[in-house]
Amino acid sequence: MLAGLAISPSLSRPQRFDFRFSQGAFRDDEIFDSALSVPGRFIAEIGRRLAKAVPRAELFVIGNPLLPLRAEQIEAWLGGAVVGPMVATDQAGFPIFYVLPHRLLAELERFLLLLSTQDGKADARLLAGLLGRPVEQRVLHLAAVGEPPGRGPNGWLNGDHRLGALKLQCANAIKIVEGNPGWQQVPFANYYPMHAGDVLFMGVASRLASTSFFSKQVVCSAYMDIPTACGSRLESMRLRLPWIARDGSVSELTYFANALDKLGDEAKAANYFVFSRILRLYYRTPFHLVDHARFALGDRIDGFEQTVHAVPTVAEARCRQPLQPLRVLFHLNGGWGLKTYPADNMRIVIGALRGLGAEVTVIDRPDLQEAGAQSVSSDDSATLRGLVERHHVFVGVDSFPHHFARLVMGWPTVGLFGNTKPCNSDARYGDGYRSSDLNLSCNRCSAYDVCPVLRRKDCVNYAPPARVVTDILDLARGVYGYSA
Amino acid sequence: MSVRVLAFFDTRYQSSPDIQRLGGGTDPWRPLLDARPVSRQHFALNMPSTLGRYDLTDQAALARVVGMAIQAGIDGFVVDLRWAGDGYVTGSQVLAPACSDTFGLAFRWRNGDEPFWKAPAAPEQRLERARNLVAALKVGTATAADGRTLLIVDSPKDLALPADTIALLQREARRGGLAGLYVVAHRAEDKGRFLSNGFDALIDPGPADWHSCPPNNRTSGLDFLEVMAGLKDSVEYLDKFFPYLLFAVSRMINREQRGKAFPRVFPSFYNWAQYPDGGATHLVNQGNRAIETYWYGLFMENAMLFAHQAFPANERFVFLESWNGWLDGSQVEPSLLDGDLVYNATRDAIDRGRYVIRTREIAPTGGLDEQLKARIALLVEAAQNLS
């Protein structure tokens, strides 16, 4: 639930607007649900909607996206006349809604991304700095809402206190705005430093975005080759830290704080950092992670035709090797156990493909050599590109090589999906791309190592060998005219 | 064409004398109001909230009901067709004004309650009964499946002469001005028999009729003794409790091997009100909850994707149990206990399903020829044997 009001001298009372997070229908009252966007991005989006609906409005009242708010409730709190910018808080200072002048949305929209949305005092100070005038803080008759829960009613994640990162970015922004007369020219840096696939998605998003608040992206050293390899328009800022462990042993908040320290005071003074790690459960939406990233960058997505499922990310590319034998390159290892294609099934796929005269190469799977595949290594995107170019078809699980082959290279690709949701990270379907899975009703389960339904260590949603072989040959037939 | 979602709809919530011939009484909501759980393990039955305890003969109430269903992305209702002694009754006349090209009706023939079709009968009697049945289908706008009126046969095993009966109904439908019938057998596990008898497709049975996984409560002799000694709640022995997630996933595994079977999706299910002496089916989520909208949403969404992938364009259906099945807890309508939680989960899941289907609407490439598919199957089998 997202809400806002437009206040205009020509209206006898504020005009109310209620929105919901879209699940794919893109109705007029729906806003794209981006897991990589800070709450401030939704404030900006609501502002855009209100300004479009009431162009002459002077003030916009926008509810805190962290909270389940209705416009009717906000209007009741608003009471009588409102004359200027304001941050209304609960009794403990947690922001409930913001009153923002038209000018802020029109000229300084990107700075809304820096709001903490949890500290009314800090947000009022930031807004005052931006507007060059005092900002009223009003305390509502509302008991403290407390720290946002692990999964809030509006879908925000805070199990590891990651929303605390927004307070850090706000504090850094206040220092710049108050201390640097040229604060309006300071660049915005997107903090999305890992993992490989995520860095790729952000890079592709930057290429596709028609508008962006950002000119930089913070990237872990290990992934520094990726933005260039995928044609990112964001300048990479090297973060000399190993990527965060997936086991939750280090929280996102701690890692972000360490990252800011590591980047150093000079970088902090010269950049507005915006936390873009996952703040909502992206797999509860049908949207592609590239689109989640595009929205976070500032792009507008309010129709299917604007999504990467409708727009090609890159031109189609083809293998120049002779068509016989058909060469197929596999990447089968996901970032966790259930994301890895079952080895027994893979041996069958290799056997069947070889029986059909194809040559099979696998990335980093020496255990599959005895089944008849050649195992090769790939440590960087340049090596991967070379490998892909020597094969007619790439087949991969939901991991970086798959996304690189298709979204960056435009290579004929078959995606294998098990316990992750294909629509979040597949590609535009067509002659050169398809995905294989069984559409089981447990997808996506969000488990890592053990199936929560059947207690197995592999995922039964993966397509069986016959289907994988059929898909590969059908793709090769459609793209190259291949006949086994 | 995208996948169509059809919801089972109980038309008995109306005051027309016609529907009351089926035994609904003067107040159709009375059974819901009177139902009382007899065990602490029985989830409480819910009550309508937003739409209230409507009377479908009230056009304004009907418009609200159908309007909400359309808003949720539901493409039509499946209404029951019952023999009432002197003719067939569907109660769907009241729905006719709300039908349109985008919201239609399908029918579920409750033939199991009708002894006539269970035994051979004189041809002229069968003909008359068939004509009567077809006449009852000519109400409102039919949901077209492959251009024909969709009819689910609820108890195909109870048809004494299934192939003859289906052929007779088809003839009479065409003679009666319909484009024909798209006949669906309710029993997904009996694909061979029914499909060869002239049925066009199958539909998964309801949760009470198809226990797709073992129950949580596999009872022993000791349980029986404890119950008899008054030490244990008897429903633990008499009723069956299934984990919702495993139940739903089991239904979706190996679907392609079950033939042309439409998925049936349900948010929750507990039919103790219909089994006062025990024998009810309960679906239970972790934490002993009746509904978990996340898993329900995935069930719906993935069923839609399966239907899109598995069936021809104008025969893609998912059946939702149910719009207003208040007596078995499967209702989607907003309720007092859950508010619009289930309703919103339904809308969201259908939205997601339709979005993903749009992403996969690519022009078919023609596919591999059957000879190559057979060769792949042989090679896979050989590789399986080797490994």
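Reminder, nothing fancy here: chain letters follow the sequence lines and each chain counts from 1. Worth saying up front: this structure is predicted, and the values here are computed from it rather than measured. For the numbers below, each heavy atom of this structure counts, side chains included, while hydrogens, waters and symmetry mates do not.
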Enquirer: Is B:R251 close to chain A through its backbone or its side chain, or both, or neither, when contacts mean heavy atoms under 4.5 Å?
Expert: neither
Enquirer: Kindly determine whether A:K421 and B:E301 satisfy salt bridge (charged side-chain N to carboxylate O under 4.0 Å, His left out), including the steps that lead there.
Expert: CA-CA 11 Å; A:K421 199 166 176 163; B:E301 187 181 337; 2.8 Å; yes
Enquirer: Measuring from atom CG of A:L356 to atom CD1 of B:I376, what distance do you get when rounded to the nearest 0.5 angstrom?
Expert: 6.0 Å
Enquirer: Report yes if some heavy atom in the side chain of B:N302 is under 4.5 Å from a heavy atom in the side chain of A:L440; otherwise report no.
Expert: no
Enquirer: Minimum heavy-atom separation for A:Q23 to B:Y355, with atom names?
Expert: O-CB, 4.5 Å
Enquirer: Which bit of A:F26 is near chain B, if near means a heavy-atom gap under 4.5 Å: side chain, backbone, both or neither?
Expert: side chain
Enquirer: Applying side-chain contact (heavy atoms from CB on, under 4.5 Å) to B:L368 and A:R477, what does each step give before you reach the verdict?
Expert: CA-CA 8 Å; B:L368 299 181; A:R477 186 191 59 75; 4.1 Å; yes
Enquirer: Would you indicate whether the side-chain heavy atoms of B:N254 and A:L438 approach each other to under 4.5 Å?
Expert: no
Enquirer: If you compare all heavy atoms of A:F304 against all heavy atoms of B:R358, which two are closest, and at what distance to 0.1 Å?
Expert: CB-NH1, 3.2 Å
Enquirer: Please look at B:A377 and chain A and tell me whether the side chain, the backbone, both or neither of the residue comes under 4.5 angstrom of a heavy atom of that chain.
Expert: neither
Enquirer: Chain B contacts: which residues in residues 463-473 of chain A have a non-hydrogen atom closer than 4.5 Å to it?
Expert: A:P465, A:A466, A:R467, A:V469, A:T470, A:L473
Enquirer: What part of A:N461 lies closer than 4.5 angstrom to a heavy atom of chain B: side chain, backbone, both or neither?
Expert: neither
Enquirer: Check this for me: B:N385, atom CG, are more than 12 non-hydrogen atoms of other residues, nucleotides or ligands nearer than 6.0 Å?
Expert: yes
Enquirer: Does this structure show an ion pair linking B:D348 with A:R284, if we count only N-O contacts that are shorter than 4.0 Å?
Expert: no
Enquirer: If you count heavy atoms of other groups shown closer than 6.0 angstrom to CZ of A:R20, is the number above 12?
Expert: yes
Enquirer: Around A:R318, counting heavy atoms of other residues, nucleotides and ligands shown, do more than 12 lie under 6.0 Å from its CZ?
Expert: yes
Enquirer: To the nearest 0.5 Å, tell me how far B:M304 CE sits from A:N439 CG.
Expert: 11.5 Å
Enquirer: Where do B:F299 and A:S441 come nearest, in terms of heavy atoms and distance?
Expert: CA-CB, 3.5 Å
Enquirer: What part of B:L372 lies closer than 4.5 angstrom to a heavy atom of chain A: side chain, backbone, both or neither?
Expert: side chain
Enquirer: Of the backbone (N, CA, C, O) and the side chain (C-beta and beyond), which part of A:T285 lies under 4.5 Å from a heavy atom of chain B, both, or neither?
Expert: backbone
Enquirer: Taking atom NZ of B:K240 as the centre, report whether more than 12 heavy atoms of other residues, nucleotides or ligands fall under 6.0 Å from it.
Expert: no
Enquirer: Taking all non-hydrogen atoms of both residues into account, name the closest pair between B:A383 and A:A352 and its distance.
Expert: CB-N, 4.3 Å
Enquirer: More than 12 heavy atoms of other residues, nucleotides or ligands under 6.0 Å from CD of B:Q286: yes or no?
Expert: no
Enquirer: Of all the heavy-atom pairs spanning B:V249 and A:C442, show the shortest one and how long it is.
Expert: CG2-CB, 3.6 Å
Enquirer: If you count heavy-atom pairs under 4.5 Å with chain A, which of B:R360, B:M252, B:R255 comes out on top?
Expert: B:R360
Enquirer: Do A:F287 and B:R352 touch side chain to side chain, with heavy atoms closer than 4.5 Å?
Expert: no
Enquirer: Between A:R27 and B:D351, is any pair of side-chain heavy atoms under 4.5 Å apart?
Expert: yes
Enquirer: Is A:L353 in contact with chain B via its backbone, its side chain, both, or neither, using a 4.5 Å heavy-atom distance?
Expert: neither
Enquirer: With a 4.5 angstrom heavy-atom cut-off, which part of A:E30 approaches chain B: side chain, backbone, both or neither?
Expert: side chain
Enquirer: Quick one: which of B:E381, B:Q309, B:M300, B:K373 has the most heavy-atom pairs under 4.5 Å with chain A, could you say?
Expert: B:Q309
Enquirer: For A:Q324, is the CD atom crowded, meaning more than 12 foreign heavy atoms sit under 6.0 Å from it?
Expert: yes
Enquirer: Find the distance between CG (A:L454) and SG (B:C213) and round it off to the nearest 0.5 Å.
Expert: 10.0 Å
Enquirer: Between A:P286, A:A310, A:G351, A:A25, which has the largest tally of heavy atom pairs under 4.5 Å with chain B?
Expert: A:P286
